[in-house]
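Written out below as C-alpha cells is the structure these notes cover.
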Amino acid sequence: MCGIVGGIAERSITNILIEGLKRLEYRGYDSAGLALINGGQVLRERRVGKVANLEEAVNESHIAGSLGIAHTRWATHGKPTENNAHPHISGDVAVVHNGIIENYQELKDDLEALGYVFTSQTDTEVVAHLVNDALKNTPSLLEAVRQVVPQLKGAYALGIVHTDHPNELITVREGSPLVIGVGIGENFISSDQLALLPITNRFIYLEEGDIARLTRTSIEVFVDGNRVERPVKELDAAVSNASKGEYKHYMLKEIYEQPEAIQQTISQALNGNALRDDFLKNAEADFSKIQQVQIIACGTSYHAGMIAKYWFEQLINVSAQVEIASEFRYRSPVIVNNTLYVCISQSGETADTLAALRDTQKRAAAKNLDIATLTICNVATSSMVRETDHSLLTLAGPEIGVASTKAFTTQLAALMLLILKIGQVKNTIAAENIETITAELWHTPKVILDTLQNNEAILRLSELFKEKQHCLFLGRGTQFPIALEGALKLKEISYIHAEGYAAGELKHGPLALVDNDMPVVILAPQDDMLDKLKSNMEEVQARGGELFVFADINSGVNEKDRQHVVKVPSISAVLAPIVYSIPVQLLSYHVAVLRGTDVDQPRNLAKSVTVE
Ligand code: M6R
C-alpha cells in the first residue's frame, strides 16, 4: 500500500526521505518518488519499481533540500508508471497522497474546464491543481488547503509543499493514517511511524479531519479552522509490535538477530576464507599510502573503535588512534598527511561525528594534505557514507531499539574485515593469519548462537541487580571496551549507575567503591590476560564485592560464594570481544525489564543524535 514520508529541517532531508521510504517497503508498492523545495524550485524524481531505483536517480541528479515529501505508490487509479508516481505537481505545488479521492472525475472535469492540464491518470493530481487554484484567492498555503479539503470525498492523507512557502509543510488526515514525528529543530510526517523511528520516538497522532502546519520549530493542528492541541506521545508500542515478531522488545529481537547480521556483514567481503578481490577495491591505492589511522565516533560506535585500535596495532602493525567525535571536533586536532580517518556510526547522521569528518576534510584541503576517509555504517544512504571517500556497510538491518546491539557487533566484524584488507594491501599480515581469522569470523555466528543459550541463566542473575544502584564492569585488553559498553548498556536502559574500567586500573581508584553491595561484572575470555584478571577478581572479593563473571568454559573460573559464573563457549582471543558483547547486552536487557523501564526508548535518549 502507499506510504508517505515528509519533513522540514535545517539539514538536507533527501536521505531521510529515502530511508523512510525503504522502511515502508514492506507495505508493498510499485513506484516511488520524492519532491524537494530548494532555491524557489520543486526538484522531483520518480521511478517505477523499487525505492533503490529512486535512490539511484537521486544520487545521480544530486537533488537536495531541507523541505520535502516522498511517496511509495501502490497503483489504484492508473498504471504503475513514472507519470502516475507521486509527488504530483501543479504550478509550484507538490502533493503526495494516500487513499482515494472518490469524486476525482467530477473535480477533474471542472479543473480541465478551467484550463488545467493533467499529466497522470491518478486521482491525486486533482488535489495539486485544486490547491494551486485556491492560491489565486489567498496567499496562505494553509488556507488554500483548508478551502480544498471540503471539496474532496473519500479517505485520504496528504502532504503538501510549495516553492513560495519554503518554511512550511502542510498535512491532512482524513481517513488514512498520518503521524507527525517531532524532532528538535525539525519535524516530519509519515503514514507509518516506523519510517521515522531512526529520527525520533516522539509522535503526534493526527485525528480524522486534522490539518497541520509544520515548520522547523512548530507544529500547529487545526480542525475547521480552529487551533487544537494534540498530545505528543512516546512510541506507541502496540502499533509497532508487528515488527517485533515473537519478541517483547526490539532490543531483544536485535540481540537475537546478531548471528545472522554478522554473517551478512562478512559475506559481502569473504570468499571462503579469503578476502574477495573486489572488496574495498577502490580503496587499495589509499590503503597502500596510509601510515596511520584515526577513528572518530560516539557512544557504542566509539567502543567499537577502541577495540579496533587494539586490532590495528596487534594484527597489522598500523598505528591507530580513536577519539570521541565531540572532543575531536572542538580541539583543533592536527590533521596528518597519509592518515586514514575512519568514522564509525550506526546511523551515519550523528551530528558530532559528521561535523568532525567535515572539519577534518576542510583542514586537510586547506593544507593540501593527502588523507583518505572511510565510514563504517549501517545506513547506506547516510550523509557519512556519501561524504567519505570509501564506505563499508554493516548489514545489520534497521536497528530500532535505542540501545545499540547488532549495530555494535557488526561494526566489530566490519572493522576486522577492514583491518585484514589494509594489512593485505600493505603486506603487514601473513596470508595464513588472514585465513585463520576469516575462518574464525565465519564461526562466530555459531558461537554467538551457543552463547545466547545462556539467556535463562543471565535472566536469573539479573534478579540480583534489580535493586542495585551502582555496578562495575571490568575487563582487560579488548575486553576493556566491552566493560565500557556493558556499563553504557546498563545505565542507558536500566538507569543503574555503572562504570566500566580496565581491570588493571582497579587499584588506582575504583577499588574504593567496592563493598558488599557492589556487583562487579567480569569479562574473562581465555586469553593472555586471564591470570592477571583472576588476581583482580581476588582483589574485589577480598573487599566483599560480589562477582558476576562471564568466563570461557575452559578458564577454570567456577562458582563459589559471592562468585556467579556464566560459562561462555570458547572463541579465539582475538574475536572474543564480539562474543562477550552478548552476555552484557542480555544482562542489561533483563535488568531493565525487571526494573520496568522503557527498554526500547529509554528516557531522554534518541536513536539518532542529529543535534549536538
Ligand atoms: O548512530 P551512531 O552509531 O553514530 O550513534 C552513536 C551513539 O549515539 C550510539 O552508539 C549510542 O551510544 C547508543 N544508542 C548506545 O546504545
> Side chains of V402 and D600: does their closest heavy-atom pair fall under 4.5 Å?
Replying inline: no
>> Over 60° means perpendicular and under 30° means parallel, so tell me whether H86 and H71 are parallel, tilted or perpendicular.
In response: parallel
> Tell me, do F287 and L418 make a side-chain contact under 4.5 Å, heavy atoms counted?
Replying inline: yes
> Is the shortest heavy-atom distance from the side chain of L206 to the side chain of T171 under 4.5 Å?
Replying inline: yes
>> Less than 3.5 Å apart, any donor N or O on the side chain of T122 or S120 sitting next to an acceptor on the other?
In response: yes
> Can you check whether D389 reaches Y341 side chain to side chain, under 4.5 Å on heavy atoms?
Replying inline: no
> Tell me, which pairs form a salt bridge (Lys or Arg N to Asp or Glu O under 4.0 Å) where one or both residues lie in residues 153-167, sequence neighbours left out?
Replying inline: none
> Once the angle between the rings of Y205 and F203 is folded into 0 to 90°, is it parallel (under 30°), tilted (30 to 60°) or perpendicular (over 60°)?
Replying inline: tilted
>> Heavy-atom count check: over 12 atoms from other residues, nucleotides or ligands less than 6.0 Å from D278 CG?
In response: yes
>> Cation-pi check for F118 against K108: NZ or CZ below 6.0 Å from the six-membered ring centre and within 45 degrees of the axis, yes or no?
In response: yes
> Does any pair with a residue in residues 32-44 pass side chain to side chain donor-acceptor pair (under 3.5 Å), and if so which ones, sequence neighbours excluded?
Replying inline: none
>> A side-chain contact here means heavy atoms from C-beta on lying under 4.5 Å apart; do N378 and L393 qualify?
In response: no
> Counting only heavy atoms not in N137, do more than 12 sit closer than 6.0 Å to its CG atom?
Replying inline: yes
>> Can you see whether N59 engages E55 through a side-chain donor-acceptor pair at a distance of less than 3.5 angstrom?
In response: no
>> For a quick check under 3.5 Å, do T373 and H390 share a side-chain donor-acceptor pair by atom type?
In response: no
> Are any of the side-chain heavy atoms of R227 and V221 separated by less than 4.5 Å?
Replying inline: no
> Got a sec: does the CD of Q151 have more than 12 other heavy atoms crowding it under 6.0 Å?
Replying inline: yes
>> Under the salt bridge (Lys or Arg N to Asp or Glu O under 4.0 Å) definition, can you give me all pairs with a residue in residues 125-147, not counting sequence neighbours?
In response: D133-K136, E143-R146
> So, do L340 and L374 sit near enough that their side-chain heavy atoms are less than 4.5 Å apart?
Replying inline: yes
>> For the CG atom of L107 and the NE2 atom of H129, what is their distance to the nearest 0.5 Å?
In response: 11.5 Å
> So, S218 versus T215: side-chain donor-acceptor pair below 3.5 Å or not?
Replying inline: yes
> Can you check whether I376 reaches T394 side chain to side chain, under 4.5 Å on heavy atoms?
Replying inline: yes
